[in-house]
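See structure below.
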Number of protein chains: 2
Amino acid sequence: MSTSDRLIESTRELLWERGYVGTSPKAILERAGAGQGSMYHHFRGKPDLALAAIRRTAEDLRATAEGVLGGPGTPYERIEAYLRRERDVLRGCPIGRLTMDPDVIASDELRAPVDETIDWIRERIAGIVEEGKEQGQFASSLDGEEIAATVLATVQGGYVLARASGSPAAFDTGVRGLLSLLTPPSS
Amino acid sequence: MSTSDRLIESTRELLWERGYVGTSPKAILERAGAGQGSMYHHFRGKPDLALAAIRRTAEDLRATAEGVLGGPGTPYERIEAYLRRERDVLRGCPIGRLTMDPDVIASDELRAPVDETIDWIRERIAGIVEEGKEQGQFASSLDGEEIAATVLATVQGGYVLARASGSPAAFDTGVRGLLSLLTPPSS
DNA sequence: GTCTATACCGTGATAGAC
DNA sequence: GTCTATCACGGTATAGAC
């Protein structure tokens, strides 16, 4: 792995653990085992390096989501698979957590990959819900965009509940509640 | 308002805007119009002042929640009122956002009021759902604790979606989706 | 391309005058 | 009770040697 890659990977870890405001170049360099010079050679500064790290994390998350949402099964099953997929719940969402970072939100450049990733997953789920409506698995009264937002919000909020209590249980409880509301009447 | 109160209020605002890690004593003092001495006279340091601020915000939030959840109406209507209550969506939840703060989560003392507040609201909603089940407004197959976690998660996650996109719309969309799933079949 | 040295400012806390 | 002075340390960036 190149020095540039090590810097990006270290930044990704720290952004996940401590957010943008809580992550210092010094901490990144220590974790990457690199000196100041390397970082400022490959990147213009902290925001530039963070952008590279966020973009890589965003791509990863998209791929992971597509892995379950694009998998086999009925629309309900694919959404269930998304909701139940293995997660490191107490670590939170590496993309969602950035929305609570004032410096990320203040920068259109840093916020863009966050926005795009969440939006992409939302549209993906919305399409699956519409598919489920056509197949009669979901009530036609439901709105794909709305349910997609609810599904995504339940996940993002589930992390909040879990981290507040210090246990992953609350995440799973919220997911079970949503699934009980989504369960097709036929089953 | 006493100096101590001004310090606490300034801290509350900054914790909401920038989180714990992003808030410096200097910024607090500037906003409160006080000197260093005042702060260290009334509080032992930044964590102590933050604890006072978080406790006050937690009490406020609990009171606001009780205002709608303990209001008039059927169980569904009270939950709807909670979900639809006026919020400064783009500012996020002053309590929920703290769960993404590494230093808050690392401290049992700072995390406690966050945990207790969220837990209290969750139990309050769970009771209302159970009430609704007794009245036949909610399906008996639903679980109060689960639905309560879903409701709270939708709200907390709604803030994430809204802040990612820079618009409150996503919050409302998620709430509408949840309400469409919760709507009593009778109506 | 990577390193160390240096600089400057902000953070968080203490000391002691008023 | 509040102020300013001071302090040690960390954050972010630059310079220049190797």
Side-chain angles (χ1 to χ4, degrees), chain A residues 1-56 97-98 100-111, chain B residues 1-56 97-98 100-111:
Chain A
M1 197 157 63
S2 72
T3 301
S4 169
D5 273 331
R6 287 207 319 282
L7 286 167
I8 291 178
E9 291 304 314
S10 300
T11 305
R12 291 179 62 190
E13 291 172 19
L14 282 162
L15 285 179
W16 197 354
E17 290 168 22
R18 307 196 38 87
Y20 182 86
V21 169
T23 297
S24 69
K26 193 186 181 191
I28 293 168
L29 296 172
E30 271 167 19
R31 192 170 293 214
Q36 297 260 79
S38 296
M39 171 175 152
Y40 285 99
H41 173 74
H42 292 286
F43 303 95
R44 278 190 308 270
K46 177 180 165 179
D48 190 40
L49 173 51
L51 183 58
I54 293 171
R55 282 191 175 139
R56 197 175 281 187
R97 70 115 54 241
L98 297 173
M100 294 303 145
D101 225 300
D103 291 3
V104 171
I105 293 303
S107 154
D108 283 340
E109 258 205 305
L110 292 178
R111 188 172 58 80
Chain B
M1 198 155 67
S2 72
T3 300
S4 169
D5 273 332
R6 288 207 318 281
L7 286 167
I8 292 178
E9 291 305 314
S10 300
T11 305
R12 292 178 62 191
E13 291 172 18
L14 282 163
L15 285 179
W16 197 352
E17 290 168 23
R18 305 194 41 86
Y20 182 86
V21 168
T23 297
S24 70
K26 194 188 181 190
I28 294 168
L29 296 173
E30 269 167 20
R31 194 171 291 215
Q36 297 259 79
S38 295
M39 172 176 154
Y40 285 99
H41 173 76
H42 292 286
F43 303 95
R44 278 190 307 268
K46 177 179 165 177
D48 190 40
L49 173 51
L51 182 58
I54 292 172
R55 281 190 175 141
R56 196 175 282 187
R97 69 116 54 241
L98 297 173
M100 294 303 146
D101 225 300
D103 292 3
V104 171
I105 293 305
S107 154
D108 283 341
E109 257 205 305
L110 291 178
R111 190 174 55 82

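When reading the values below, keep in mind they use all heavy atoms of this one structure, side chains included, and skip hydrogens, waters and symmetry mates. In what follows, chains are A, B, ... by sequence order, proteins preceding strands, each numbered from 1. Computed from a predicted structure; not experimentally measured.
Taking every heavy atom of residues 1-24 of chain B and every atom of DNA chain D, pairs under 4.0 Å involve Thr3(B), by number. Of the residues in residues 33-49 of chain A, those placing a heavy atom less than 4.0 Å from an atom of DNA chain D are Gln36(A), Tyr40(A), Gly45(A), Lys46(A), in numerical order.
Counting to the nearest Å, the C1' atom of dA13(D) and the CG atom of Leu29(A) are 12 Å from each other. One interatomic measurement links the two molecules: CG of Asp103(B) to P of dT11(C), which rounds to 14 Å at whole-angstrom precision. Between Glu30(B) atom CD and dT4(D) atom P there is a gap of 12 Å when expressed in whole angstrom units.
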Could you list the donor-acceptor pairs under 3.5 angstrom formed between side-chain atoms of residues 31-38 of chain B and any protein atom two or more places apart in sequence or on another chain?
{"unit_1": "Arg31(B)", "atom_1": "NH1", "unit_2": "Glu13(B)", "atom_2": "OE1", "d": "2.8"}
{"unit_1": "Arg31(B)", "atom_1": "NH1", "unit_2": "Glu17(B)", "atom_2": "OE2", "d": "3.0"}
{"unit_1": "Arg31(B)", "atom_1": "NH2", "unit_2": "Glu17(B)", "atom_2": "OE1", "d": "3.2"}

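The side chain to side chain contact (heavy atoms under 4.5 Å, CB included) test applied to Arg12(B) returns Ile8(B), Glu9(B), Ala53(B), Arg56(B), Thr57(B), Asp60(B), not counting sequence neighbours. Every residue meeting the side chain to side chain contact (heavy atoms under 4.5 Å, CB included) condition with Ile105(B), not counting sequence neighbours, appears here in chain and number order: Arg163(A), Thr99(B), Arg111(B). For Glu30(A), the side chain to side chain contact (heavy atoms under 4.5 Å, CB included) partners are Lys26(A), not counting sequence neighbours.
By the 4.5 Å heavy-atom criterion applied to side chains, Leu7(A) and Leu29(A) are counted as neighbours. Using a 4.5 Å heavy-atom cutoff, the side chains of Arg18(B) and Asp103(A) are in contact.
The environment of CZ in Arg6(B) is crowded: more than 12 heavy-atom neighbours from other residues, nucleotides or ligands sit within 6.0 Å.
Remark: side-chain polar atoms of Ser4(A) are not paired, donor with acceptor, to backbone N or O of His42(A) under 3.5 angstrom.
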